[in-house]
Chemist: 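Next up is a structure, given as structure tokens.
Just so you know, ligand 1 is whichever comes first in the structure, and atom 1 is the first atom listed for that ligand. In this text, all values refer to a predicted model and were calculated from it rather than measured experimentally.
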Amino acid sequence: MALEQIRQQIAAAEAAAGRAAGSVHLIAVSKVQPLERVVAVLEAGQRLFGENYVQEAAGKWPDLRVQFPDVAVHMIGPLQTNKARQAVELFEAIHTLDRPSLASKLANLAQARGQSPDLFVQVNTGAEPQKAGVLPDALDGFIAECRALDLPLVGLMCIPPEGEDSRPHFAMLAGMAARNGLKGLSMGMSGDFAAAIAAGATHIRVGTAIFGARDYTKA
Ligand SMILES: *Cc1c(COP(=O)(O)O)cnc(C)c1O
């Protein structure tokens, strides 16, 4: 299946970049995919998945975790503050921390629960008005705020602008993470994950290249 080819491409990209085998985590983005495709990928051994919608994840993963207890699911879509409580119960990591109101909500939940998912700060590297993410200029201040709240920041995430060369955005994100002492780099999708690995990605988010096209009319 496509998953095996992606694994080989990841291994080749790791080797080409002089990186250790297995240093890149493949997040299989299962949003809007039919359940049978998700189960097929689980049966092929994949255990790390990404979802964009709290509601969809809530309808799918609690059941799948019964059968596949060692699975991890990461939230990679925009997170509304009023869904944060549900999100911290569903996900091992959230890649889309992008504003102070969400940071303080997650901090309150972490205090109350005594645990928190790992958190990536989403950066709007292209400063696109319609896109979520902290603007590059505001990032260091926002990270300081999150650290003051004791949030478990593990890295940065970006979605480069459509139709642009991703590489300068990946390089920018890597520089911002290094400057802030963050090891995690969530970057690279179906079309550009090899370039992301070359730029230091630790988590690549691959959907269509594994599962095939998404059919939003059935979502
Ligand atoms: C849907 C999505 C992906 C996967 O995109 P593909 O092009 O299908 O690989 C990755 N990251 C985010 C944030 C997404 O929303």
Chemist: Could you check whether Arg205 and Ser186, counting side-chain N and O atoms only, form a donor-acceptor pair closer than 3.5 Å?
Modeler: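 Note: Ser186 and Arg205 side chains meet the donor-acceptor criterion.
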Chemist: Is the shortest distance from a Lys or Arg side-chain nitrogen in Arg179 or Asp140 to a carboxylate oxygen in the other one below 4.0 Å?
Modeler: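 Judged by the 4.0 Å cut-off on N to carboxylate O distance, Arg179 and Asp140 do form a salt bridge.
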Chemist: I need the nearest protein heavy-atom contact for atom 5 (O) of ligand 1: residue, atom name and distance, please.
Modeler: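 The closest one turns out to be Met189 CE, 3.5 Å.
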Chemist: State, without any angle test, whether Gln86 and Lys83 hold a side-chain donor-acceptor pair at a distance under 3.5 Å.
Modeler: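 Not at all, the side chains of Gln86 and Lys83 share no donor-acceptor pair under 3.5 Å.
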Chemist: What's the shortest distance from atom 12 (C) of ligand 1 to any protein heavy atom, and which residue and atom give it?
Modeler: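 Sorting protein heavy atoms by distance from atom 12 (C) of ligand 1 puts Ile76 CD1, 3.5 Å first.
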Chemist: Just which atoms of ligand 1 are under 4.0 Å from any heavy atom in Gly207?
Modeler: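 Taking each heavy atom of Gly207 in turn, ligand 1 has 4 (C), 6 (P), 8 (O), 9 (O) under 4.0 Å.
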Chemist: Hey, are Glu89 and Arg85 close enough for a salt bridge, meaning a charged N less than 4.0 Å from a carboxylate O?
Modeler: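 Salt bridge between Glu89 and Arg85, a charged N being under 4.0 Å from a carboxylate O: no.
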Chemist: If you count the atoms of ligand 1 from 1 in the order shown, which ones are under 4.0 Å from a heavy atom of Asn52?
Modeler: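 Listed by number with element, the hits are 14 (C), 15 (O).
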Chemist: What atoms of ligand 1 come within less than 4.0 Å of a heavy atom belonging to Ile159?
Modeler: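 Atoms satisfying the 4.0 Å criterion: 13 (C).
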Chemist: In terms of atom number and element, which parts of ligand 1 are under 4.0 angstrom from non-hydrogen atoms of Val206?
Modeler: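 The atoms of ligand 1 under 4.0 Å from a heavy atom of Val206 are 9 (O).
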Chemist: To which protein heavy atom is atom 6 (P) of ligand 1 closest, and what is the distance rounded to 0.1 Å?
Modeler: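 Ranked first by proximity to atom 6 (P) of ligand 1 is Ser190 OG, 3.5 Å.
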Chemist: Tell me: protein heavy atom nearest atom 11 (N) of ligand 1, and distance?
Modeler: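 Going by distance alone, atom 11 (N) of ligand 1 is nearest to Arg205 NE, 2.8 Å.
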Chemist: Tell me which pairs pass salt bridge (charged side-chain N to carboxylate O under 4.0 Å, His left out) where either residue lies in residues 94-113, with sequence neighbours left out.
Modeler: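 Listed once each, the pairs would be none.
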Chemist: For Phe120 and His203, take the angle between the two ring planes, folded into 0 to 90°, and tell me which bin it lands in: parallel under 30, tilted 30 to 60, perpendicular over 60.
Modeler: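 Perpendicular.
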Chemist: Any luck finding a side-chain donor-acceptor pair between His74 and Glu92 under 3.5 Å?
Modeler: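 No - no donor-acceptor pair under 3.5 Å links their side chains.
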Chemist: Can you tell me the protein heavy atom closest to atom 14 (C) of ligand 1 and the distance?
Modeler: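 Heavy-atom neighbour on the protein nearest atom 14 (C) of ligand 1: Lys31 NZ, 3.0 Å.
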Chemist: Tell me the contacting part of Thr208 for ligand 1: side chain, backbone, both, or neither, using a 4.0 Å heavy-atom threshold, strictly below.
Modeler: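 Under 4.0 Å from ligand 1, Thr208 contributes backbone and side-chain atoms.
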Chemist: Do Leu3 and Phe211 have side chains that approach each other closer than 4.5 Å (heavy atoms only, starting at C-beta)?
Modeler: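 No; the side chains remain at least 4.5 Å from each other.
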Chemist: Would you please determine whether His95 falls within less than 4.0 Å of ligand 1 on a heavy-atom basis?
Modeler: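 The answer is no: ligand 1 sits nowhere under 4.0 Å from a heavy atom of His95.
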